[in-house]
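One structure is given here, and the rest of the page talks about it.
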Amino acid sequence: MSAPAPSPLAIVDAEPLPRQEEILTEEALAFVAELHRRFTPRRDELLARRAERRAEIARTSTLDFLPETAAIRADDSWRVAPSPAALEDRRVEITGPTDRKMTINALNSGARVWLADFEDASAPTWENVILGQLNLIDAYTGNIDFTDPVSGKSYALKDAAELATVVMRPRGWHLDERHLQVDGEEVPGALVDFGLYFFHNARRLLDLGKGPYFYLPKTESHLEARLWNDVFVFAQDHIGIPQGTIRATVLIETITAAYEMEEILYELRDHASGLNAGRWDYLFSIVKNFRDGGTRFVLPDRNAVTMTAPFMRAYTELLVRTCHKRGAHAIGGMAAFIPSRRDAEVNKVAFEKVRADKDREANDGFDGSWVAHPDLVPIAMESFDRVLGDRPNQKDRLREDVHVEAADLIAVDSLDAKPTYPGLVNAVQVGIRYIEAWLRGLGAVAIFNLMEDAATAEISRSQIWQWINAGVEFENGLKATPELAREVAADELANLRAELGEEAFAAGHWQQAHDLLLEVALDEDYADFLTLPAYRLLRG
């Protein structure tokens, strides 16, 4: 008897979308199903390994460079593959979700690269997942435009030569896509996002003189990078394009990955393009992993932890040295400020901070950096132009003056700043406002003149959790307790009701957002990711 044919990938509990048949073709779904069968078991093993490693950190309150991979770090001979022409100059990168308007604005922004985000800047509704893929195809085929239904303003792409190169970011390994299942098992969102994008666009991008380029989020170890590399090898063979066509930039946004930067590049070396320094998720990861480590790991208010803090400086300088030693790009962090159309003074102060931040990155040896808004592109460009001139990057600047010890990366107590009561209030405010927008399907949200994404909500709720569990006493004499957090959250809910009016308040998800923030900030059993319980509440 012949073996039964593998069961097809099923679309489950999803409202039909216009033109979804262009994305969800039989061949594309079969490809995603094959990715799932081959790689999800290893994904599951690696998630279990994350939990084991977290337990070990809880026991020891320390981390070190891996002894078992010392030979890789000591071998000076290996390099990552040479950069393709489209990724040689990455001096300014803009980030954002893949809705139609953002797709046009980001490609037109003047940035060299657009991080087209299916991860932290995108709430994973079925509409966002599928129509985001469609928008990218329409952009590549020149069939995209948009008219704002409120303002009537029309948007269209500039000439192809002026457009940013797309680097797409799929979801992290921990998130599943409930609407796509094989044998009743949900497919990892990472494989859905990668698989649909790669299947439909790899050859199209090659024809355009570019390629399928990716940002890999939330990586915690070189073994997770190895899994991605194996996915890439299989995918390229499957559709018959040369090995090394795919290029990936890995976000070093977890504390464990910071100790494995060289190993991560080594595992991906035929497909590696660079590493990126992601601030909020990195701090969130420190809190998550060292939450049992006592007062020396207690972070102050998030805005007091600048990139000049000694342990953050150790992380970014090590990243630049590691990348340039191995021929990879080092990409700096986010400028999240959203310019105000009404307050020129606010803009002036903020622009100076952005300029100082980008000047520091360019002078430290980074090859490029992130912005969240098109108005910040010229500021960041100026900082990197001043250092790079006509050169596409500064990978020849090896930063051999940098020497980082294992303890330097977790020297959180080198900061003088302390948690404050206004910091607690801000964490509650931002947490509730972001989660409410996320539950409405928005992943990138302007809050208090900053572009916030899921990493913001993670650091906000993590700091509330940490301060309470560490028994922090604020400058006003109040102690961080569950009762105080509930009181602040109740005040914020009342303020929002008054600010919005009863009708608008009732139309939102404010009570749900309030309840979820308190759940993940106060539960003794710390949730690994806020987006896991939030996804259960997300409609669509």
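Note that the structure is predicted; figures quoted are calculated from it, not measured.
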Quiz item: cation-pi between K288 and F529, 6.0 Å / 45°: yes
Charged tip of R302 within 45° of W280 ring normal and under 6.0 Å: yes
R169/D117 under salt bridge (charged side-chain N to carboxylate O under 4.0 Å, His left out): CA gap, chis, key distance, verdict: CA-CA 5 Å; R169 179 163 70 168; D117 201 6; 2.6 Å; yes
Pairwise side-chain contact, D528 with H174, heavy-atom cut-off 4.5 Å (strictly under): no
Close side-chain approach of W438 and S122, heavy atoms under 4.5 Å: no
Report, as yes or no, whether the 6.0 Å neighbourhood of atom [atom1] on [X] holds more than 12 heavy atoms from other residues, nucleotides or ligands.
X    : atom1 : result
E503 : CD    : no
E27  : CD    : yes
E26  : CD    : no
Q512 : CD    : yes
D13  : CG    : no

Side chain [X], main chain [Y], donor-acceptor under 3.5 Å:
X    : Y    : value
Q133 : H200 : no
D301 : A304 : no
N135 : L131 : yes
N276 : G332 : yes
H329 : L87  : yes

Decide, yes or no, whether a salt bridge links [X] with [Y] under the criterion of side-chain N to carboxylate O below 4.0 Å.
X    : Y    : value
D99  : K101 : no
D367 : R90  : no
D385 : R391 : no
D120 : K218 : yes
D176 : R171 : no
R178 : E186 : no
E352 : R355 : yes
R497 : E502 : yes
R360 : D364 : yes
R100 : D138 : yes
R433 : E492 : yes

Given Y197, W228, F118, the one that forms ring-ring contact (aromatic ring centres under 6.0 Å, His included) with F214: Y197
D359 versus S383, side-chain donor and acceptor atoms under 3.5 Å: yes
T254 side chain to E220 side chain, donor-acceptor N/O pair below 3.5 angstrom: no
Plane angle bin for F232 and H271 - parallel if under 30°, tilted between 30 and 60°, otherwise perpendicular: perpendicular
Geometric class of the F194/F198 ring pair [parallel <30°, tilted 30-60°, perpendicular >60°]: parallel
Qualifying side chain to side chain donor-acceptor pair (under 3.5 Å) pairs, either residue in residues 157-167, two or more places apart: T165-K210
Ring centres under 6.0 angstrom apart (F31, H238): yes
Derivation of the side chain to side chain contact (heavy atoms under 4.5 Å, CB included) call for L376 and W370: CA-CA 9 Å; L376 301 183; W370 282 7; over 6 Å; no
Pair T147-K153, side chain to side chain contact (heavy atoms under 4.5 Å, CB included): steps then yes or no: CA-CA 6 Å; T147 301; K153 185 178 178 183; over 6 Å; no
Exercise: identify the closest heavy-atom pair between V250 and L268: CG2-CD1, 3.5 Å
